[in-house]
Amino acid sequence: MPVHNAEIAAMFDQAAELLEIKGDNPFRTRAYRRAARVLESLPKSVAAMLRAGEDLAELPGIGEDLASKIATIVETGKFDLLESLKRELPGDLGEIAAIPGLGPKRVKLLIEKLGVRSIEDVRRAAKRGRLGELPGFGPKLQQNILAALAKPVAAKRFKLPFAEAEAGALIDWLSRGLDGGRVVAAGSFRRRRDTVGDLDILATTTRAAAVGDRLVEYEDVAKALAHGPTRTTVILRSGIQVDLRVVKEESCGAALMYFTGSKAHNIALRNLAVDRGWKLNEYGLFDEDSAIAGETEEGIYKKLGLQFVPPELREDRGEIALAQKNALPHLVQLSDIRGDLHVHSNWSDGNATIAEMTQAAKARGYAYMALTDHSRRVTIAHGLDRARLLRQIDEIDRLNAKLRGFTVLKGIEVDILADGSLDLPDEVLSRLDIVVAAVHYKFDLSRDEQTERIIRAMDNRHVSILAHPTGRLIEERAPYDIDMDRVMTAAKERGCCLELNAEPDRLDLTDVAAKAAKELGVQIAISTDAHSTAGLAYMRYGVDQARRGWLEPGDVINTRPLRYLKKLIRR
DNA sequence: GCCGTTTTCGGCCCGACTGTTTTCAGTCG
């Protein structure tokens, strides 16, 4: 039973939480948390790295001790430290600590003084008013705890289109109340993560209090959680939390940097400042008491001896070392994209004609578009059988004959059957310009079976691109279990490309997987999977994700002119 | 527990807000 990086990361997070409650050295708990984040963003599984004889202690934040603990976990599946911590501190302590207002110190008090072990214990103690016996538990805190227990909010993350709509409306509202100054979104929203947990909004103005007041007055506010002179936190009716921070113009860059994060990136930058005897905070970069930068992010990076780091790269995944050497990747941009390689029409489950999709793609400035309707197995989508596909090929030939400066590539999104064979015979596939292969059923195969199935599909030399490689639907359906290391290696060996599906419900590959593909030299297609003309606009989400995966134009096949593209998709 | 053009020991990012106190700890980001 292979142990995934994410599982080890979760063990480290749990251990950190329990060590915190115990009151252990806070820097030790931080080390476990940092290591967990490093593990989560590794391009390869540690199991594979160990097999290859790599030294895990060379990873940032992982020393001899953690390297050996990881090796033991991979070997045995067990983490002794965590096991003994759990024996020492049994119960659902993680859930208790997740209640707003309850941190490690207060949880420790609850355990020691009231013998609390579960959320139910907390509820009983709160109802009997026993929490008031504890130091630091005033009436207000008890009330907040009861309220939180009455309406448990699931830790939810929000998809980008929803976050964009909420942020847009809110920024508009705040801006209209501002005389001078500006309002922007920062946080993971600005870093273009695939989902956001909350909205971090930054306003620059001299009248700080007025902006916070205006946020509290916003009609969609369900509850104000905190409201100070420079910082205000509210929950909107939709359930998303908004953190507003207001600073003066001269601190704008520093505040934007601080509020954009990531936390790990910020800490690394602040350490660089400390190395030089300076201090970096949300107000600026300071030598003693005098500000030496702060109005712009560019100015701060420059003073720290760094190239400007695009927000998408700010995850402490190696970008700082490269920025010191002026060697950051030249990230792909939306304007580099010359075509879309996964598009549906009303021949299957799209809602527009081939001509309409073509016009819309052309209007976006593209040079080509691959029409890739579903194959016959996807009956619910009215998938194409051999005869209909041949008719479609004829229709596209006729359409192409009339087009100037634009080419519709004849393609299919062919289903990968359970045994890894394809849903249409080679004789038909060979007549197409491009074949995109995808899994749409039998998600529950074992890891080995699913991996073999997909690799077998890529064995077919007509397959140019593996579509949405993990099948995940964000917040709805987990990725099916595959060995991504093996799939990518197999793709590389066969000259098959992987898709980065730009649909904001999918964004599949993830940023981390895209970076791993790049490092292996696997070419990526950023494709929208559009089922309507409007769907073509999802390209920007795919490009954002690709940038988070460090992809450059040369890593992305649909930045190529048609001539070169054709070489890349023919095997 | 990690890490090192000061260091293998002694540091470890920085500040806002709340609630409970009366000068600050705890929590959060």
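The model shown is predicted, which means the values in this text are computed figures rather than measured ones. Below, each value reflects all heavy atoms present in this structure, side chains not excepted, and no hydrogens, waters or symmetry copies. Reminder, nothing fancy here: chain letters follow the sequence lines and each chain counts from 1.
Rounded to whole Å, atom P of B:dG29 lies 6 Å from atom CD of A:Gln241. Rounded to an integer number of Å, the gap from CG of A:Leu244 to P of B:dA16 is 15 Å. Straight-line distance from the CZ atom of A:Phe12 to the P atom of B:dG1: 10 Å, rounded to whole Å. Between A:Asn281 atom CG and B:dC14 atom P there is a gap of 8 Å when expressed in whole angstrom units. What separates CD1 of A:Ile201 from P of B:dA16 is a distance of 20 Å, to the nearest Å. The CE atom of A:Met257 sits 17 Å away from the C1' atom of B:dG15 (whole-angstrom rounding). Note: CG (A:Asp65) to C1' (B:dC3) measures 14 Å, nearest angstrom. In this structure, CZ of A:Phe27 is placed 6 Å from P of B:dC12, rounded to the nearest angstrom.
Comparing B:dG15, B:dG19, B:dC14 against the side chain of A:Leu141 picks out B:dG19 as the nearest. Comparing B:dG15, B:dT27, B:dA16 against the side chain of A:Lys105 picks out B:dT27 as the nearest. Taking every side-chain heavy atom of A:Pro104 into account, B:dT27 is the closest of B:dG29, B:dC13, B:dT27. For A:Ile267, the side-chain atoms get nearest to B:dC13 when compared with the rest of B:dG1, B:dC13, B:dT18. When each of B:dC2, B:dC14, B:dC12 is scored by its nearest atom to the side-chain atoms of A:Asn25, the top-ranked nucleotide is B:dC12. When each of B:dT20, B:dC13, B:dG29 is scored by its nearest atom to the side-chain atoms of A:Pro139, the top-ranked nucleotide is B:dT20. Closest approach to the A:Arg245 side chain among B:dG15, B:dT18, B:dT20 is made by B:dG15 (side chain taken as heavy atoms from C-beta onward). Minimum atom distance to the side chain of A:Arg106 is reached by B:dG26, of the listed B:dA16, B:dG26, B:dC2. Picking from B:dG19, B:dC12, B:dC14 the nucleotide with the shortest atom distance to the side chain of A:Lys140 gives B:dG19. Here the side chain of A:Arg28 is nearest to one of B:dG1, B:dC14, B:dC17, namely B:dG1.
Between A:Asn266 and B:dC13 there is no side-chain polar atom (N or O) within less than 4.0 angstrom of OP1 or OP2. In this model, the phosphate group of B:dG29 is not approached by any side-chain N or O of A:Ser262 to a distance below 4.0 Å at OP1 or OP2. Within the structure, every side-chain polar atom (N or O) of A:Arg34 is placed at least 4.0 Å from both OP1 and OP2 of B:dC12.
Using a 4.0 Å heavy-atom cutoff across all strands shown, A:Pro60 reaches sugar-phosphate atoms only and no base atom. Among the heavy atoms of the strands lying under 4.0 Å from A:Tyr283 are primed sugar atoms or P, OP1, OP2 only; no base atom is included. When heavy atoms are screened at a 4.0 angstrom cut-off, A:Lys108 is found touching no nucleic acid atom at all. Residue-level contact check: A:Thr230 touches the backbone only, with heavy atoms under 4.0 Å from sugar-phosphate atoms and none from bases. Using a 4.0 Å heavy-atom cutoff across all strands shown, A:Lys263 reaches at least one base atom of the nucleic acid. Note on A:Gly261: nothing from the nucleic acid sits closer than 4.0 angstrom, heavy atoms only. Within the nucleic acid shown, A:Leu269 has no heavy atom closer than 4.0 Å to any nucleic acid atom. Counting any heavy atom pair closer than 4.0 Å across all strands shown, A:Gln143 reaches no nucleic acid atom.
Checked options A:Arg314, A:Glu319, A:Arg191, A:Glu315; the residue passing with A:His265 is A:Glu319 (criterion: side-chain hydrogen bond (donor to acceptor under 3.5 Å, both in side chains)). Test A:Arg547, A:Arg193, A:Lys518, A:Arg317 against A:Asp511 for salt bridge (charged side-chain N to carboxylate O under 4.0 Å, His left out) and you get one pass: A:Arg317. Among A:Arg190, A:Arg540, A:Lys159, the single residue meeting the salt bridge (charged side-chain N to carboxylate O under 4.0 Å, His left out) criterion with A:Glu164 is A:Arg540.
Base pairing of B:dT8: no nucleotide in any strand meets the Watson-Crick or G-U wobble criterion (both distances under 3.5 Å).
For the P atom pair drawn from B:dC12 and B:dT18, the interatomic distance equals 28 Å after rounding to whole Å. Using P as the reference atom, B:dC17 and B:dC13 are 22 Å apart when rounded to the nearest Å. The same atom, P, is picked in B:dG1 and in B:dT5; the two are 23 Å apart, to the nearest Å. B:dC3 and B:dT20: their P atoms are spaced 40 Å apart (whole Å). B:dT6 and B:dG11 have their C1' atoms separated by 12 Å, given to the nearest Å. One P atom belongs to B:dT27, the other to B:dT21, and the distance between them is 14 Å to the nearest Å.
For A:Glu476, the CD atom sits in a packed shell: over 12 heavy atoms of surrounding residues, nucleotides or ligands are nearer than 6.0 Å.
Here the closest non-hydrogen pair linking A:Asn5 and A:Ser45 is OD1-CA, 3.3 Å.
Summary of the strand contacts: A:Gly61 and A:Gly101 both lie near DNA chain B, and taking for each the nucleotide with the nearest heavy atom, the more 5' one is attributed to A:Gly61. Projected onto DNA chain B by closest heavy-atom contact, A:Asn144 and A:Lys279 fall at different nucleotides, the more 5' of which corresponds to A:Lys279.
In this structure, A:Tyr283 has its ring center no closer than 6.0 Å to that of A:Tyr258.
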Evaluation steps, side-chain contact (heavy atoms from CB on, under 4.5 Å), between A:Leu82 and A:Lys86
CA-CA 6 Å; A:Leu82 181 58; A:Lys86 279 180 172 171; 4.2 Å; yes
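Remark: A:Arg192 is positioned above the aromatic ring of A:Phe189, its terminal NZ or CZ atom under 6.0 angstrom from the ring centre and at most 45 degrees off the axis.
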